[in-house]
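For clarity, every value in this text was computed on a predicted model and none was experimentally measured.
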Amino acid sequence: MATEVRICKKCSGVQPGDFKGVVKKKHRKVGCFGVCAKKHPELKGSCYVKAGKRVVAASSKEELLRAVAGAC
């Protein structure tokens, strides 16, 4: 079974369309997952999503896409 990727368009620094070809559309969910940069200053300036039950973060969108591709 593929991992669900949750993307917050406001905080994550990425858009759902960025994952085209990496994560199937049916496994991309959009909405808050409770890990905002305001509450977690260590994530400020990075791109991140929730893949399965863990938060995957990277310093750039390209690195995040590679990390998510490896996690799924």
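Going from atom NE2 of H27 over to atom CD of E4 covers 9.0 Å, rounded to the nearest 0.5 Å. Separation of atoms NZ (K24) and OG1 (T3) is listed at 12.5 Å; rounding is to 0.5 Å.
Scanning both residues, K38 and P41, for their nearest heavy atoms gives O-CD, 4.4 Å. In plain terms, the two heavy atoms of C47 and S60 that are nearest each other are SG-C, 4.0 Å. What you find for A51 and V56 is that their closest heavy atoms are CB-CG2, 3.9 Å. Of all heavy-atom pairs spanning L64 and V14, the tightest one is CD2-CG1, 3.8 Å. Closest non-hydrogen pair, C8 versus F33, comes out as N-CE2, 3.7 Å. When all heavy atoms are compared, the tightest approach of R28 to V23 is NE-O, 3.0 Å.
With sequence neighbours excluded, the residues that form a salt bridge (Lys or Arg N to Asp or Glu O under 4.0 Å) with K61 are D18.
Under the 3.5 Å distance criterion, the side-chain polar atoms of S12 are left unmatched by any main-chain donor or acceptor of K9. Remark: the backbone N or O of V35 is paired with a side-chain donor or acceptor of Y48 at under 3.5 angstrom.
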Exercise for review: Apply side chain to side chain contact (heavy atoms under 4.5 Å, CB included) to the pair S46 and S59, showing each step before the final yes or no.
Suggested key: CA-CA 5 Å; S46 57; S59 58; 5.5 Å; no
